[in-house]
Amino acid sequence: MKEDFKNEEELTNLLDTYKIDVPTKKLSVKQSPFNRFIRYLGSPAKDPLEKLSDSNNGYLFLKLFPLASGIFLAMIQILFLF
């Protein structure tokens with residue numbers, strides 16, 4: 001416990017009433033490769049577009065980029081056709 005809370009007697013008494021059991025048996029068991037793979041699949045992922053979608057300009061870019069790229073690809077196809 002931090003030294004800041006040592007002066008608070010009521011808080012110290014309340015925190016001392018809690019008992020925490022750490023499951024050492026489960027921690028000592030080695031996981032199988034399948035369990036590690038499942039844990040990897042279930043872990044949260046970082047959003048790569050978070051910086052773009054946070055701002056108004058980035059949001060507008062994400063809305064207009066597919067339209068602009070579609071028009072660009074259509075123009076390339078038209079040029080190759082002639």
Should Phe80 and Phe72 be regarded as members of a common hydrophobic cluster, given that ILVMFWY residues are connected when their side-chain heavy atoms come within less than 4.5 Å of each other, either directly or indirectly?
yes
Quick one: pull up CD1 in Ile38 and OG in Ser43 and give me the separation to the nearest 0.5 Å.
11.0 Å
Verify the cluster assignment for Leu73 and Leu64: are they in a single hydrophobic cluster under the rule of side-chain heavy atoms below 4.5 Å apart?
no
Answer yes or no: does atom CG of Asp47 have more than 12 heavy-atom neighbours from other residues, nucleotides or ligands under 6.0 Å?
yes
Working to the nearest 0.5 Å, report the span between CG of Leu14 and CD of Glu8.
11.0 Å
Do Leu62 and Phe65 share a hydrophobic cluster (ILVMFWY, side-chain heavy atoms under 4.5 Å, transitive)?
yes
To the closest 0.5 Å, what do you measure between CD1 (Ile76) and CG (Leu81)?
13.5 Å
